[in-house]
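Below is one structure, written out as structure tokens; comments come after it.
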Amino acid sequence: MKPFEGKVAIVTGAARGIGRAIAERLARDGADVVICDLQAEWLAETAGAVQAMGRKALPLAVDVGDGESVAACVAETIRVFGRVDVMVNNAGITKDTLLVRMTDEAWDDVLRVNLKGTFLFTRAVAKPMMKQRGGAIVNIASVSGILGTPGQANYAASKAGVIALTKSTANELAARGVRANAVAPGFISSRMTDALSDDVRNQYLSRIPLGRFGTAEDIADAVAFLASGQSSYLTGQVLHVNGGMVM
Ligand code: NAD
């Protein structure tokens, strides 16, 4: 039997990149997946991939920073599937610039999506998960939230906040059988890393003991572990998936 057979997962920011890889991985392991992104039509490829694995996909337009939109998504999940077992808070944005040049808007936008979005979904799934007396919440943080990367004061603060939120969630929900953990990716291959010059690329790579950028699938593997029964004695933890960049 597959680890997520009969389980229902919600994945935010599932239209592309890491979120899409997570949705596909959970579906491959047997989950039906509610895939969320800003516009439902962006989710067609992810939905197709989930369905190709014989699982149900429910694509929903959701702005994770908007409480009503988040509540509607969780209500629709319960209406259609009757339960929610796994919540993956993956949607995230960057608006990088040096601190002295950072506008209030750049600060607010990043905190709204990365941190408030994670809070809103966690709050919305907490009740149904506690009622079920089981569930796993996996939040996507970042190595930036550990290191405080220059040029990313807003992003680093949001991801450090996600880690603290994960620990409070874990403490509050443990007695009801609900676990909360975070994955902190390092440099993951993306359109952004593909566009780097050889010099900059090699500079980054020299800081990674395993000598390569991570893949979206590396992150999906870590999420699948933390969402599954294989990690049933883990809560409030941060799994660092960064090729050894930070130890
Ligand atoms: P991406 O930009 O490729 O994908 C993010 C997705 O989130 C997009 O589909 C976007 O439309 C969606 N999204 C943005 N704002 C949203 C909102 N308000 N509501 C709903 N959806 C929204 O990013 P990615 O590289 O796949 O990153 C995914 C997560 O991993 C993010 O939380 C990011 O901070 C984190 N992360 C990425 C890296 C990396 O190297 N790529 C490293 C560390 C952490």
Side-chain angles (χ1 to χ4, degrees), residues 10-25 34-47 49 59-74 87-96 106 108-121 124 138-149 151-152 154-163 165-166 182-196 200-201 204-205 207-208 212-223 238-243 245-246:
I10 301 178
V11 181
T12 66
R16 66 181 191 200
I18 294 170
R20 180 174 168 182
I22 294 168
E24 291 184 17
R25 173 58 200 262
V34 180
I35 45 178
C36 313
D37 215 292
L38 284 172
Q39 291 187 38
E41 55 275 22
W42 296 349
L43 290 159
E45 283 182 25
T46 311
L60 295 177
V62 178
D63 174 359
V64 300
D66 180 279
E68 281 179 24
S69 176
V70 169
C73 169
V74 175
M87 176 73 232
V88 184
N89 286 301
N90 163 80
I93 60 168
T94 52
K95 293 206 170 174
D96 295 354
D108 289 344
D109 289 352
V110 169
L111 270 287
R112 176 181 176 278
V113 175
N114 299 6
L115 184 54
K116 188 178 179 194
T118 302
F119 158 68
L120 290 173
F121 257 110
V138 184
N139 297 327
I140 306 301
S142 168
V143 69
S144 300
I146 310 293
L147 293 178
T149 321
Q152 292 197 309
N154 50 359
Y155 182 76
S158 74
K159 294 300 190 176
V162 164
I163 290 171
L165 169 62
T166 304
V183 174
F187 287 121
I188 304 306
S189 289
S190 61
R191 272 161 296 152
M192 193 191 82
T193 49
D194 292 347
L196 296 174
V200 176
R201 193 184 172 77
Y204 283 165
L205 286 175
R207 294 166 55 194
I208 305 173
R212 66 169 177 88
F213 293 125
T215 62
E217 289 70 28
D218 289 325
I219 305 307
D221 284 343
V223 170
V238 183
L239 191 49
H240 299 270
V241 184
N242 58 33
M245 197 176 135
V246 176

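We count ligands from 1, going down the list as the structure has it; atoms in each ligand are counted the same way.
The backbone and the side chain of Ile18 each have at least one atom closer than 4.0 Å to an atom of ligand 1 (non-hydrogen atoms only).
The closest non-hydrogen atom to atom 7 (O) of ligand 1, taken over Gly13, Ala61, Ser142, comes from Gly13. With Ile188, Val241, Val110, Leu38 as candidates, the residue nearest to atom 40 (O) of ligand 1 on a non-hydrogen basis is Ile188. Here atom 10 (C) of ligand 1 lies nearest to Asp37 when heavy atoms of Ile35, Thr149, Asp37 are compared.
Using bins of under 30°, 30° to 60° and over 60° for the plane-to-plane angle, the ring pair Phe187/Phe213 lands in the perpendicular bin.
Under a 4.0 Å criterion applied to the non-hydrogen atoms of Ala15, ligand 1 contributes the atoms 9 (O). Contact atoms of ligand 1 toward Ala141: 44 (C) (distance under 4.0 Å to a heavy atom of the residue). Ligand 1 places these atoms under 4.0 Å from at least one heavy atom of Gly17: 26 (O). Interface atoms of ligand 1 facing Gly186, defined by a heavy-atom separation under 4.0 Å, are 40 (O), 42 (C), 43 (C). In summary, the atoms of ligand 1 found under 4.0 Å from a heavy atom of Ile93, numbered by their order in the structure, are 14 (C), 15 (N). Contact atoms of ligand 1 toward Tyr155: 33 (C), 34 (O), 35 (C), 36 (N), 43 (C), 44 (C) (distance under 4.0 Å to a heavy atom of the residue). Counting the atoms of ligand 1 from 1 in the order shown, those under 4.0 Å from a heavy atom of Val62 are 19 (N), 20 (C). Heavy-atom proximity to Ile140, at under 4.0 Å, picks out these atoms of ligand 1: 29 (C), 30 (O), 35 (C).
At a 3.5 angstrom cut-off on N or O pairs, Ser190 does not count as close to ligand 1. Among the atoms of Asn90, some N or O lies under 3.5 angstrom from an N or O of ligand 1. Ligand 1 has a nitrogen or oxygen under 3.5 angstrom from a nitrogen or oxygen of Val64.
Considering all non-hydrogen atoms of both residues, Ala124 and Val70 come closest at CB-CG1, 4.0 Å.
Under a 3.5 Å cut-off, the side chain of Ser142 and the backbone N or O of Ala184 do not form any donor-acceptor pair. A donor-acceptor pair under 3.5 Å is absent between the side-chain atoms of Asn114 and the main chain of Ser158, judged by distance alone. Judged purely by atom type and a 3.5 angstrom limit, Asn154 uses its side chain to pair as donor or acceptor with the backbone of Lys95.
No donor-acceptor contact under 3.5 angstrom links the side chains of Thr118 and Asn89, judged on distance only.
Look at Phe213 and you'll find every heavy atom at least 4.0 Å from all atoms of ligand 1. For Arg20, the closest heavy-atom approach to ligand 1 does not fall below 4.0 Å.
The list of side-chain hydrogen bond (donor to acceptor under 3.5 Å, both in side chains) pairs with a residue in residues 12-23, not counting sequence neighbours, reads Arg20-Glu24, Arg20-Glu45.
Asp218 and Arg212 are joined by a salt bridge, as a carboxylate oxygen and a charged side-chain nitrogen come within less than 4.0 angstrom of each other.
In Glu68, the CD atom is not crowded: 12 or fewer heavy atoms of neighbouring residues, nucleotides or ligands sit closer than 6.0 Å.
Atom SG of Cys36 is separated from atom CD1 of Ile10 by 6.0 Å, given to the nearest 0.5 angstrom.
Here Asp66 pairs with nothing under the side chain to side chain donor-acceptor pair (under 3.5 Å) rule; sequence neighbours left out.
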